[in-house]
Amino acid sequence: MAGLREDPVLGTNDIKETEGEQEADKINCTLESHVVIRTEGEVERDMAPATGSSIHRSGSRPQLDLSKAAIQGNFEERDPTILLPNQSDDLSHLALDIGGSLIKLVYFSRHEGQSIDDKRKKTLKERLGISNGSRRSYPILGGRLHFVKFETNKINECLDFIYSKQLHRGGMDARIWNPDAPTNESSVIKATGGGAYKFADLFKERLGVSLDKEDEMNCLVAGANFLLKAIRHEAFTHKEGQKEFVQIDQNELFPYLLVNIGSGVSMIKVDGDGKFQRISGTNVGGGTYWGLGKLLTKCKSFDELLELSQRGDNRTIDMLVGDIYGGMDYSKIGLSASTIASSFGKAISEKKELEDYSPEDISLSLLRMISYNIGQIAYLNALRFGLKRIFFGGFFIRGHAYTMDTISFAVQFWSKGEAQAMFLRHEGFLGALGAFMSYEKHGLDDLMVHHLVERFPMGAPYTGGKIHGPPLGDLNEKISWMEKFVRKGTEITAPVPMAPPGTTGLGGFEVPSSKGGTLRSDASALNVGVLHLVPTLEVFPLLADPKTYEPNTIDLSDHGELEYWFTVLSEHLPDLVDKAVASEGGTDDAKRRGDAFARAFSAHLARLMEEPAAYGKLGLANLLELREECLREFQFVDAYRSIKQRENEASLAVLADLLMELDGMSEEARLLTLIEGVLAANIFDWGSRACVDLYHKGTIIEIYRMSRNKMQRPWRVDDFDVFKERMLGSGDKKPHPHKRALLFVDNSGADVILGMLPLARELLRRGTEVVLVANSLPALNDVTAMELPEIVAEAAKHCDILRRAAEAGGLLVDAMVSTLDGSKGNSSSVPLMVVENGCGSPCIDLRQVSSELAAAAKEADLVILEGMGRALHTNFNAKFKCDALKLAMVKNQRLAQKLIKGDIYDCVCRYEPVS
């Protein structure tokens, strides 16, 4: 008698080139020493073949084309970057897993931009000890990995996709850089799966490429190992329709059991990279379900069969324990009445023919029978080898919620709760990713979790799943694609807001149903974004415990919390669109892009409201970053550009008077006024609806003065006295100054100029080095690291302290500053520096910061986080290895109540000295 309890049916919740002989010797010498090579915008190390890996590395590599090679940047650098303009095929961009039903494709594309290496950056690197030779170098630095699926029976669509993007010739970006480059007639693409043999001739005929076949199991394991080690929110459990992400410690990953459910089932014990063995399996798998289902229900496809199961009731055909014991439990051996005693058991005793049973019921019974047995066999094998972790993947799962639920229940039932089934977000791409890694110079081996950023742009070729029409070549095609499928009502890979012509697209949504007429059987594809590989990102070295650090303060797993913040973002959207369109001159093109942005971001919100875990573990910081990424996707680089400029000018105009006022105060009064000034100036936040309303009631200076006048202690969180003692001491005992302070700045205008700059000046006055940490990319009205040097240069015209510090920190290298006394810069002055933080969001995840911020942090002993996004929405609970001061004015009533049990405009001054 089987021992599995009957569960209720659950639905699915289913996005300057130099030429000439004078460089030749330098270039050749550099190449011989295995240095960093940049080929059309990517960096590659010309290294010896990788060792220590058991994965086969292909030797069929194209040779480097050194024609017109040029050193880029400083000739005197230890490991200079080399530009190879004619090297178009030095890195293979594509790998395939061609299965019986699906083709999984992983391809690489380069970043468009080049890093800026100006004099200020050079001075900063020298002071922080950052050298070009010390950076990590990868063949695919600054690139992206894309994941796309096609149905195998539509292989011509896949071939068209590859051809249109020129992936078989090094990618579209390679052809743009060098369109006249000769085609490599002996191009090789890595492929795995049975279709690598079946369709080899077709690839040769259509694309002129050969398929280099890789062992399927090698690829499977290599792909799984990479994902589990490199993607933070990769593994998850799935119980009763709910996802919960599991953080996997790299040091405790091995050994584990990988259960690959294709037509049959293979169970693989994985002991390390390249170390694995198939320990068991079963011939009852996805093929069994499809085959029997086709015979019994006349379904034409696997997806159709899964769709039927969503509406089925297996109790009409399965024999339950209650059917045997008159509706009673068999409590003596722990079996409930709803436990399945025999799958299809009722068909024995009932006088019914096949046509008397509903296809839906048959499909569900089949699904349960096969899923439960796979789960049981997997657990028994894990028990046999003492394995604690079981990961399931393969064609059979396909992101189908009910399938994952049944497997999870089986593992939990047979293990008595001691084991749990885990699944992978990229499970359908394990083989293709492993095949990509089989290239000799794939560059993924040493990537770590903080080097990878997953983003979710809108558009079929970007999110995976079904491809509707040709790949989207540019933004106009993307907008047209959205408008086309919205108008026609065609099902697409993410819900898109439906709106009548001429509206902003902010109306209701047509969300593909998870039950009934439309089934998202391939839901996992919707959960796979574009993987940005950024090896220059590092973990912030001052985190007390990076393993337990959680940036998000607000828990969006609470549905009420999720709904509230979605409403806030939706209500703010029209104003954001207006600002974005105005920032681009209000042109018709800008209006069209603004409408497309509104549609796309609304679609993301609808998708996440339907399934909050669709893009990984969801926090408020993720939502805010998604909004900024969506703006950039539709080429709104800086929506608040003109507002920031206007506020900066108004604030700089009164800075000199403020500094004079501060200099007339006693030390203690000045310190309090400085903290009050930071809190008061933090009111200028265009991300807050309450603050936006204030802007219509007065000028920036009037609002700032009003805010300062209302600064009455005690504040809601008030650690100022503790901070004052650390800064000023008590009695005759004077404390030593901090060596270096990192000031994470927030908004442009009064916030940074009248708040944080005067505080930075005070620290400089006391002998503390100051590093202003600002966004790498614009977000709302936040100041960026690119904008700060100019702001500091203008402020330095009014202050010798700032001028000398800015000169020492390299900020005035390119700025014309009129000094107050005409003296030369004092090289002994403590420096004021600016570094970028590595992100473009109102919040910050300190597990992924820029390498220059990480370098600046190594000698820092004070961290000051300012603003709601960086000190409240994220990092309010973060612990550091050094003193930390968190300053913010709370501009959201719900956040004030939830976080500090206070009210809107309450202030937070939280000081946490290192213990």
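Looking at Ile844 and Asn837, their side chains come closer than 4.5 Å, going by heavy atoms from C-beta outward. Within the 4.5 Å cutoff, no side-chain heavy atoms of Val581 are placed close to those of Phe597. The closest side-chain heavy-atom distance from Phe566 to Leu623 is below 4.5 Å. Two residues are said to be in side-chain contact when any heavy atoms from C-beta on lie closer than 4.5 Å; Leu788 and Val745 meet this criterion. For the pair Leu562 and Met609, the minimum side-chain heavy-atom distance is below 4.5 Å. Contact annotation: the side chain of Val890 never approaches that of Ile904 to less than 4.5 Å [non-hydrogen atoms, C-beta and beyond]. Looking only at side-chain heavy atoms (C-beta outward), Leu772 and Leu742 stay at 4.5 Å or farther from each other. A heavy-atom distance below 4.5 Å is found between the side chains of Lys579 and Ile643.
The shortest heavy-atom contact between Leu895 and Asn892 is N-OD1, 2.8 Å. Residue Leu757 comes nearest to Ala795 through the heavy atom pair CD1-CB, 3.9 Å, listed as atom of the first residue, atom of the second, then distance. In this structure, Cys882 and Leu542 approach most closely via the heavy-atom pair SG-CD1, 3.8 Å. Here the closest heavy-atom approach between residue Pro541 and residue Ala857 is recorded as CG-CB, 3.7 Å. Heavy atoms only, all atoms of each residue included: Ala614 and Leu608 are closest at CB-CD2, 4.3 Å. Smallest separation of non-hydrogen atoms from Lys165 and Tyr107: CE-OH, 3.4 Å.
Stacking of Arg910 on the aromatic ring of Phe876 is recorded, both the 6.0 Å distance cut-off and the 45° axial limit being met.
With Ser841 contributing its side chain and Leu624 its backbone, the two residues share no donor-acceptor pair below 3.5 Å. A donor-acceptor pair is defined here as one N or O able to donate and one able to accept, closer than 3.5 Å; such a pair exists between the side chain of Tyr549 and the backbone of Leu846. Judged by distance alone, with hydrogens and angles left aside, the side-chain atoms of Gln848 form a donor-acceptor pair with the main-chain N or O of His450 at under 3.5 Å. Remark: the backbone N or O of Leu872 is paired with a side-chain donor or acceptor of Thr553 at under 3.5 angstrom. Not one N or O on the side chain of His572 forms a donor-acceptor pair closer than 3.5 Å with the backbone of Leu569. For Arg740 (side chain) and Ala856 (main-chain N/O), a donor-acceptor pair under 3.5 Å exists by modelled atom type. Within the 3.5 Å criterion, the main-chain N or O of Ala580 finds a donor-acceptor partner in the side chain of Ser583. Formation of a donor-acceptor pair under 3.5 Å by the Asn781 side chain with backbone atoms of Lys644 is not found in this model. When atom types are taken as modelled, the side chain of Asn775 and the backbone of Leu777 share a donor-acceptor pair closer than 3.5 angstrom.
Side-chain N/O atoms of Asn747 and Tyr640 include no donor and acceptor closer than 3.5 Å. When only modelled atom types and interatomic distance are considered, Ser776 and Glu836 share a side-chain donor-acceptor pair under 3.5 Å.
Electrostatic pairing of Glu561 and Lys898 counts as a salt bridge here, judged by a charged N lying under 4.0 Å from a carboxylate O. Salt-bridge formation is detected for the pair Asp845/Arg847: a Lys NZ or Arg NE/NH1/NH2 atom is positioned less than 4.0 Å from an Asp or Glu carboxylate oxygen.
Note that CZ of Phe540 is 10.0 Å distant from OG of Ser850, once rounded to the nearest 0.5 Å. Atom CG of Leu885 and atom CG of Leu865 lie 8.5 Å apart (nearest 0.5 Å). Of the inter-residue distances, the one linking Met889 atom CE with Asp751 atom CG reads 10.0 Å to the nearest 0.5 angstrom. The distance from atom CG of Asn622 to atom CG of Leu626, rounded to the nearest 0.5 Å, is 8.5 Å. From Phe880, atom CZ reaches atom CG of Asp545 across 12.5 Å, with rounding to the nearest 0.5 Å. In this structure, OG in Ser602 is found 6.0 Å from CG in Leu605, a value given to the nearest 0.5 Å.
Qualifying salt bridge (charged side-chain N to carboxylate O under 4.0 Å, His left out) partners for Arg632, counting only residues two or more places apart in sequence or in other chains: Glu629. Residues satisfying the salt bridge (charged side-chain N to carboxylate O under 4.0 Å, His left out) criterion with Glu790, sequence neighbours excluded, are absent altogether. Under the rule for a salt bridge (charged side-chain N to carboxylate O under 4.0 Å, His left out), the partners of Asp589 that lie at least two apart in sequence or sit in another chain are Arg593. For the salt bridge (charged side-chain N to carboxylate O under 4.0 Å, His left out) test, no residue two or more places apart in sequence or in another chain qualifies with Arg641. In terms of the side chain to side chain contact (heavy atoms under 4.5 Å, CB included) criterion, residue partners of Pro831 (sequence neighbours excluded) are, by chain and number, Arg127, Glu769, Ala808, Met833.
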Checklist line | Criterion salt bridge (charged side-chain N to carboxylate O under 4.0 Å, His left out) on Asp588 and Arg592, from CA distance to verdict | finding: CA-CA 6 Å; Asp588 289 342; Arg592 186 167 179 246; over 6 Å; no
Checklist line | Trace of the side-chain contact (heavy atoms from CB on, under 4.5 Å) decision for Lys886 with Glu866 | finding: CA-CA 6 Å; Lys886 300 169 185 178; Glu866 183 240 357; over 6 Å; no
Checklist line | Working for side-chain contact (heavy atoms from CB on, under 4.5 Å), residues Val771 and Leu743 | finding: CA-CA 6 Å; Val771 180; Leu743 276 61; over 6 Å; no
Next item on the list: Go through the steps for Glu611 and Lys243 under the test salt bridge (charged side-chain N to carboxylate O under 4.0 Å, His left out), then give the verdict.
Entry: CA-CA 9 Å; Glu611 186 184 350; Lys243 277 183 182 177; 3.2 Å; yes
Next item on the list: Could you give me the CA-CA distance, side-chain angles and deciding distance for Lys591 and Glu584, then say whether salt bridge (charged side-chain N to carboxylate O under 4.0 Å, His left out) is met?
Entry: CA-CA 9 Å; Lys591 291 176 182 177; Glu584 299 287 330; over 6 Å; no
Next item on the list: Could you check Val453 against Leu533 for side-chain contact (heavy atoms from CB on, under 4.5 Å), going step by step and ending with a plain yes or no?
Entry: CA-CA 7 Å; Val453 180; Leu533 313 180; over 6 Å; no
Next item on the list: Let me see the working for Val678 and Met756 under side-chain contact (heavy atoms from CB on, under 4.5 Å), right down to the final yes or no.
Entry: CA-CA 6 Å; Val678 171; Met756 292 298 276; 3.9 Å; yes
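Among pairs with a residue in residues 868-877, those fulfilling salt bridge (charged side-chain N to carboxylate O under 4.0 Å, His left out) read Asp746-Arg870, Asp782-Arg870, at least two apart in sequence or across chains.
Between Phe429 and His426, the ring planes lie perpendicular to each other; the angle is over 60°, past the 30° to 60° tilted range.
A distance below 6.0 Å separates the ring centres of His604 and Tyr615.
Considering Arg425, Lys617, Arg232 as possible partners of Glu454, the one that fulfils the salt bridge (Lys or Arg N to Asp or Glu O under 4.0 Å) test is Arg425.
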